[in-house]
A.B. asks: 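There's a structure below that I have some questions on.
Counting starts at 1 for both ligands and their atoms, in listed order.
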Amino acid sequence: MILLSVVNINKSMPEFIPVLSKEEIDRSIDDLASRISDDYQGRDLVLIGILKGAFIFMADLLRRLYVPARVDFLRVSSYGSGTSSGKIRLTKELETDINGSDVLIVEDIVDTGLTLKYLIDYLKAFHPGSVKVCSLINKHENRKKNVKIDYFCHDIEEGFLVGYGLDYNENYRNLPDIYHLKI
Ligand code: 5GP
């Protein structure tokens, strides 16, 4: 709360409605990491984090896995203040050989599903053994593509979320909890 009031100084005082606490996020990542570790025993796992929103989730998930995993990142850009408009462009390419490997895309939020569809198609061209998807949040209100999310931590119906890596115009990524931001 102290942090939020500092952030709000001299701005138009947006409203922050708590959605997920740090403790809830931690618990769900614990569960997810053990499921993923069980499922990927003896496999050649590569986690591919999607910048920038997933960087904190990716770091917390990776540290809880008890199977070996290589790591890479992709970065996509889309118009607007955080949500995808459908015009997706890759701004950081893959740097790891994933031929025959078991790829797990690590996303912050799946909203319309357009970014995920684009990323799956992009990664399949490198002939991985498998491509699955893990997202911190599965948000339903704007879904346009019927993409399969193999693992997710939280189902959220609607709202624009910030905190725990999620931004609004590059602000609020440092908040430990997740909030619904009302401007
Ligand atoms: P999609 O292509 O599924 O519509 O959206 C993908 C990206 O839009 C997410 O990875 C995330 O970067 C951004 N996004 C979607 N919903 C939200 C939200 O509620 N808050 C923030 N900060 N970003 C969002």
A.B. asks: Quick one: are the ring centres of Phe73 and Phe55 less than 6.0 Å apart?
C.D. replies: no
A.B. asks: Would you say Gly113 and ligand 1 have an N/O pair spaced under 3.5 Å apart?
C.D. replies: yes
A.B. asks: With sequence neighbours left out, write down each residue that passes ring pair (Phe, Tyr, Trp, His ring centres under 6.0 Å) with Tyr122, or none if nothing qualifies.
C.D. replies: Phe126
A.B. asks: Out of His180, Lys139, Glu141, who is nearest to atom 16 (N) of ligand 1 when you count heavy atoms only?
C.D. replies: Lys139
A.B. asks: What atoms in ligand 1 come closer than 4.0 Å to a heavy atom of Thr112?
C.D. replies: 1 (P), 2 (O), 3 (O), 4 (O)
A.B. asks: Polar-atom distance check: Asp108 versus ligand 1, any N or O pair below 3.5 Å?
C.D. replies: yes
A.B. asks: If the test is side-chain contact (heavy atoms from CB on, under 4.5 Å), which one of Ile149, Asn138, Ile137 qualifies with Asp155?
C.D. replies: Asn138
A.B. asks: Applying a strict under-4.5 Å side-chain criterion to I, L, V, M, F, W and Y, I'd like to know whether Val106 and Leu114 cluster together.
C.D. replies: no
A.B. asks: Find all atoms of ligand 1 within a distance of less than 4.0 Å from any non-hydrogen atom belonging to Thr115, and give their numbers and elements.
C.D. replies: 1 (P), 2 (O), 5 (O), 6 (C)
A.B. asks: For ligand 1, is there an atom lying under 4.0 Å from some heavy atom of Leu114?
C.D. replies: yes
A.B. asks: What pairs with Asp97 under side-chain hydrogen bond (donor to acceptor under 3.5 Å, both in side chains), at least two apart in sequence or on another chain?
C.D. replies: none
A.B. asks: Do the rings of Tyr40 and Tyr151 sit parallel, tilted or perpendicular, given the 30° and 60° boundaries?
C.D. replies: tilted
A.B. asks: Report yes or no: does Ala54 have a heavy atom closer than 4.0 Å to ligand 1?
C.D. replies: no
A.B. asks: Measure across Arg64 and Ala33 and return the closest heavy-atom pair with its distance rounded to 0.1 Å.
C.D. replies: CB-CB, 3.5 Å
A.B. asks: With a 4.0 Å cut-off on heavy atoms, is Ile109 in contact with ligand 1?
C.D. replies: yes
A.B. asks: For Leu161, is at least one N or O under 3.5 Å away from an N or O on ligand 1?
C.D. replies: yes
A.B. asks: In terms of side-chain heavy atoms, does Tyr164 have a donor or acceptor partner in Asn174 at a distance below 3.5 Å?
C.D. replies: no
A.B. asks: Counting each atom of ligand 1 from 1 as listed, which ones have a heavy atom of Glu107 under 4.0 Å away?
C.D. replies: 10 (O)
A.B. asks: May I ask you to list the atoms of ligand 1 that are less than 4.0 angstrom from any heavy atom of Gly159?
C.D. replies: 19 (O)
A.B. asks: With the threshold set at under 4.0 angstrom, would you say Asp167 reaches ligand 1 through any of its heavy atoms?
C.D. replies: yes
